2 protein chains.
Amino acid sequence: MPDRSAPLPDLDAIRLLALVADTGSIGGAARRDGISQPSASKRIAVLERRLGLRLLRRRTTGSELTDHGRLVTEWAREVLRATDALLAGAAALRTAGSETVRVAASQTVAEYLMPLWLAELRTVESGARVRLEVMNSTGVVAAVVAGDCDLGYIESPGVPKGLTTSTVRDDELLLVAAPGHPFTRRRTPVTAADLLGTALVVREQGSGTREVLERAVGTLELADVLELDSNAAVKIAVAAGAGATVISRLAVAAELTRGSLVQIRTDGLDLRRQLRMVSRRGARPSPAAAALAQLSHRR
Amino acid sequence: MPDRSAPLPDLDAIRLLALVADTGSIGGAARRDGISQPSASKRIAVLERRLGLRLLRRRTTGSELTDHGRLVTEWAREVLRATDALLAGAAALRTAGSETVRVAASQTVAEYLMPLWLAELRTVESGARVRLEVMNSTGVVAAVVAGDCDLGYIESPGVPKGLTTSTVRDDELLLVAAPGHPFTRRRTPVTAADLLGTALVVREQGSGTREVLERAVGTLELADVLELDSNAAVKIAVAAGAGATVISRLAVAAELTRGSLVQIRTDGLDLRRQLRMVSRRGARPSPAAAALAQLSHRR
DNA sequence: GAGGGGTCATAGACTTCGGCTATGCCGGAC
DNA sequence: GTCCGGCATAGCCGAAGTCTATGACCCCTC
């Protein structure tokens with residue numbers, strides 16, 4: 001992979017571009033950003049040079065986006081959204097105070113859904129503080145029961161008793177492998193029996209992903225298994241040809257469209273599951289907790 | 001819009017973190033990044049300080065991610081993906097050569113789908129050069145017919161003749177308004193007749209979005225209309241209370257989950273449409289064009 | 001159990017980059 | 001004509017990033 005190809009643009013410049021689009025002038029964006037007008041002008045100029053595009057049409061009455069600028073700005077907002085999600089997630093990991101919503105989430109939820117919710121929460125309840133802990137589904141339930149957490153998010157099929165649960169989202173595990181894996185050349189769907197005879201990469205015991213897989217293949221014993229404790233590690237191992245795996249669609253969406261992993265059709269395997277929120281029955285949630293709970297159920 | 005005063009993390013640091021995750025050591029990541037090991041060490045340290053999190057567990061055999069580091073890295077990859085999309089899009093706008101795939105796309109496709117495809121294309125056919133032009137659906141068809149483009153992407157319902165077309169994706173327009181808009185308090189769905197009596201913000205004539213709207217409301221004349229020529233401008237106007245609008249779900253997905261715009265239920269309005277690819281019948285696509293065409297149909 | 005090869009952090013010198021103030025140019029408004 | 005708002009340029013300065021050199025640490029091997 002060539003890495004040093006081109007200097008990455010500056011996030012500050014990207015944000016500034018979005019501010020220019022909002023305010024209609026470079027100077028206005030500079031004021032909002034708390035920097036001087038010449039600095040803003042220069043930042044934008046550097047960004048234009050780096051991208052090789054004219055983004056703004058400078059008029060003496062202000063600046064407006066060119067056609068190219070309009071597109072780049074839209075794409076820039078996507079980068080800023082992802083950055084917001086990262087920062088919101090980091091803030092939730094760092095927070096330890098007591099006036100905070102305490103959340104426990106299983107890996108898939110924490111990785112792929114939680115940061116979005118947190119970023120959105122920040123725009124709705126900007127004062128809300130969230131402490132996020134990541135553990136497997138079993139641990140999440142225990143934490144909620146013990147009162148260590150206000151909200152929990154799990155991905156395992158088991159029904160915890162004594163807790164209020166609600167489905168946040170339907171999820172599905174997919175059988176995937178590296179391009180060129182024998183499974184990719186099959187004409188018939190893969191069955192549970194087929195899985196037993198192949199090298200598999202799986203998540204650790206206690207993870208929701210593992211539970212769904214074991215439920216789907218029944219009591220049969222899996223052989224030749226490489227066990228790893230994170231979705232990222234699993235994906236890397238599978239892409240490197242260590243075997244096939246069964247993993248959440250959320251976790252491999254990017255890899256599938258990019259083609260670095262391919263989905264294998266299956267037959268007779270029920271790999272659907274639900275991502276659910278759990279909380280103590282009868283507990284009165286704080287406003288921030290209620291907001292997060294509501295957010296996480298939207299679409 | 002929050003005017004973030006907190007320092008934004010550095011994209012270089014974010015990429016470096018992902019490289020550390022891939023290589024398992026700071027020094028290794030530094031080599032891949034073309035910088036010295038101490039520089040990499042410092043960059044990571046600064047990132048950790050900025051986020052307030054310990055991301056790496058430094059061992060003398062290398063470095064491994066902490067639990068927090070694992071999560072942050074996953075979120076960081078999302079930022080990098082968005083950045084890749086932006087850069088790939090910018091490259092496509094800047095390219096003018098003749099050995100390139102010439103693509104024309106309507107606004108919705110160009111804004112929300114094309115950069116992802118381009119970023120993916122870059123990982124598959126790294127040498128591919130793409131020239132992207134944005135125009136409304138009518139213009140796209142004309143460009144493809146005239147041979148100015150190899151591939152076109154449109155969002156209008158009309159069937160261009162003499163061209164090969166294929167559906168890339170199902171899309172749907174949504175009626176949305178700002179929170180507090182009278183429509184949001186209605187108990188019954190909004191009908192075509194209701195739309196005629198309200199202030200609307202619409203895209204310009206010739207845009208696919210406009211065509212779908214006009215087809216849905218029939219021949220009736222819309223009154224009290226503010227006409228703008230980009231989805232972004234429309235969203236800003238609607239959020240500011242200028243009226244309701246009908247706009248692609250792709251364009252407002254973020255705003256809806258964030259709650260800055262709300263969807264209004266409708267009845268008797270067919271707002272579905274298809275985003276389609278068009279090309280000249282019988283034209284033999286270049287390998288890069290074929291790859292892009294295939295990519296855009298995945299999923 | 002001593003050395004080699006790998007890891008990472010620190011120190012100090014140098015350079016680069018981005019910020020600010022001051023100023024000039026330009027076009028529209030009055 | 002004059003004024004005002006917006007933008008670019010120039011020049012200075014400080015912060016931040018980079019490099020090389022070096023030391024501490026651990027694992028592995030012999």
Side-chain angles (χ1 to χ4, degrees), chain A residues 3-66 68-69 72-73 76 83, chain B residues 3-66 68-70 72-73 76:
Chain A
D3 304 80
R4 211 62 189 121
S5 43
L8 256 57
D10 189 352
L11 270 182
D12 293 311
I14 287 178
R15 183 189 50 191
L16 186 61
L17 175 64
L19 284 175
V20 172
D22 291 344
T23 63
S25 85
I26 293 181
R31 277 189 295 280
R32 278 231 227 161
D33 207 19
I35 63 175
S36 71
Q37 171 267 322
S39 301
S41 173
K42 197 164 155 188
R43 279 224 287 238
I44 296 286
V46 169
L47 179 64
E48 283 182 317
R49 191 156 41 76
R50 285 236 221 285
L51 296 179
L53 297 174
R54 281 224 2 215
L55 303 176
L56 296 182
R57 180 166 306 125
R58 279 90 161 163
R59 325 246 3 188
T60 118
T61 80
S63 292
E64 60 177 13
L65 294 169
T66 62
H68 287 175
V72 170
T73 302
T83 306
Chain B
D3 57 330
R4 288 252 124 278
S5 294
L8 255 57
D10 190 353
L11 271 182
D12 292 311
I14 287 178
R15 183 188 50 188
L16 188 61
L17 175 64
L19 284 174
V20 172
D22 292 343
T23 63
S25 86
I26 292 181
R31 277 189 296 280
R32 278 232 226 160
D33 207 17
I35 63 175
S36 72
Q37 171 267 322
S39 300
S41 173
K42 195 165 161 187
R43 278 225 283 240
I44 296 287
V46 169
L47 179 63
E48 284 182 316
R49 191 156 41 75
R50 285 236 221 285
L51 296 180
L53 297 174
R54 280 222 7 213
L55 303 175
L56 296 181
R57 181 166 306 123
R58 279 90 160 163
R59 325 244 3 184
T60 99
T61 82
S63 293
E64 60 177 12
L65 295 169
T66 61
H68 288 175
R70 214 166 295 165
V72 171
T73 302

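Per chain, numbering begins at 1; letters A, B, ... match sequence-line order. Computed from heavy atoms alone, side chains included, the values below leave out hydrogens, waters and symmetry copies. These numbers come from a predicted model, not from an experiment.
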Practice item. Applying side-chain hydrogen bond (donor to acceptor under 3.5 Å, both in side chains), name anything that partners A:Thr61, two or more places apart in sequence or on another chain. Key: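 side-chain hydrogen bond (donor to acceptor under 3.5 Å, both in side chains) list for A:Thr61, sorted by chain: empty.
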Exercise for review: Can you sort out the partners of B:Ser36 under side-chain hydrogen bond (donor to acceptor under 3.5 Å, both in side chains), two or more places apart, ordered by chain and number?
Suggested key: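 Testing B:Ser36 for side-chain hydrogen bond (donor to acceptor under 3.5 Å, both in side chains), a comparison that skips the adjacent residues, returns B:Ser39.
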Exercise for review: Give B:Arg49 one of three labels, base, sugar-phosphate or nothing, depending on what nucleic acid heavy atoms sit under 4.0 Å from its own.
Suggested key: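 The residue B:Arg49 makes no contact with any strand.
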Practice item. Supply the atom-to-atom distance A:Thr73 OG1 to A:Leu17 CG, rounded to the nearest 0.5 angstrom. Key: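 Reported to 0.5 Å precision, the distance equals 3.5 Å.
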Review point. Can you list every side-chain hydrogen bond (donor to acceptor under 3.5 Å, both in side chains) pair that touches residues 19-29 of chain B, not counting sequence neighbours?
Key: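 Every pair satisfying side-chain hydrogen bond (donor to acceptor under 3.5 Å, both in side chains) with a residue in residues 19-29 of chain B: B:Asp22-B:Arg77.
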Every protein N/O within reach of nucleotides 14-19 of chain C N/O, cut-off under 3.5 Å:
{"from": "C:dG19", "atom 1": "OP1", "to": "A:Arg43", "atom 2": "NH1", "distance (Å)": "2.3"}

With [X], which residues qualify under salt bridge (charged side-chain N to carboxylate O under 4.0 Å, His left out), at least two apart?
X	result
A:Arg59	none
B:Arg54	none
A:Arg58	A:Glu48

**Study point:** Spacing of B:Arg31 atom CZ relative to C:dT7 atom C1', expressed in whole Å
**Key:**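 Atom CZ in B:Arg31 sits about 10 Å away from atom C1' in C:dT7.
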**Study point:** Salt-bridge present (B:Asp33, B:Arg15; N to O < 4.0 Å)
**Key:**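 A salt bridge links B:Asp33 with B:Arg15.
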Review point. Would one find a side-chain N or O of B:Arg58 under 4.0 angstrom from OP1 or OP2 of C:dT7?
Key: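 Checking B:Arg58 against C:dT7: no side-chain N or O falls below 4.0 Å of OP1 or OP2.
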Review point. Quick one: side-chain contact (heavy atoms from CB on, under 4.5 Å) partners of A:Ala76, sequence neighbours excluded?
Key: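 A:Ala76 satisfies side-chain contact (heavy atoms from CB on, under 4.5 Å) with A:Ile14, B:Leu86 once adjacent residues are dropped.
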**Study point:** side chain to side chain contact (heavy atoms under 4.5 Å, CB included) assessment of B:Leu65 paired with B:Leu56
**Key:** CA-CA 5 Å; B:Leu65 295 169; B:Leu56 296 181; 3.5 Å; yes
Practice item. On DNA chain D, reading 5' to 3', which nucleotide is the first and which the last to sit with an atom under 4.0 Å from a heavy atom of chain A, could you check? Key: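 Contacts span D:dG5 to D:dT9, reading 5' to 3'.
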Close N/O contacts between protein and nucleotides 23-30 of chain C (under 3.5 Å):
none

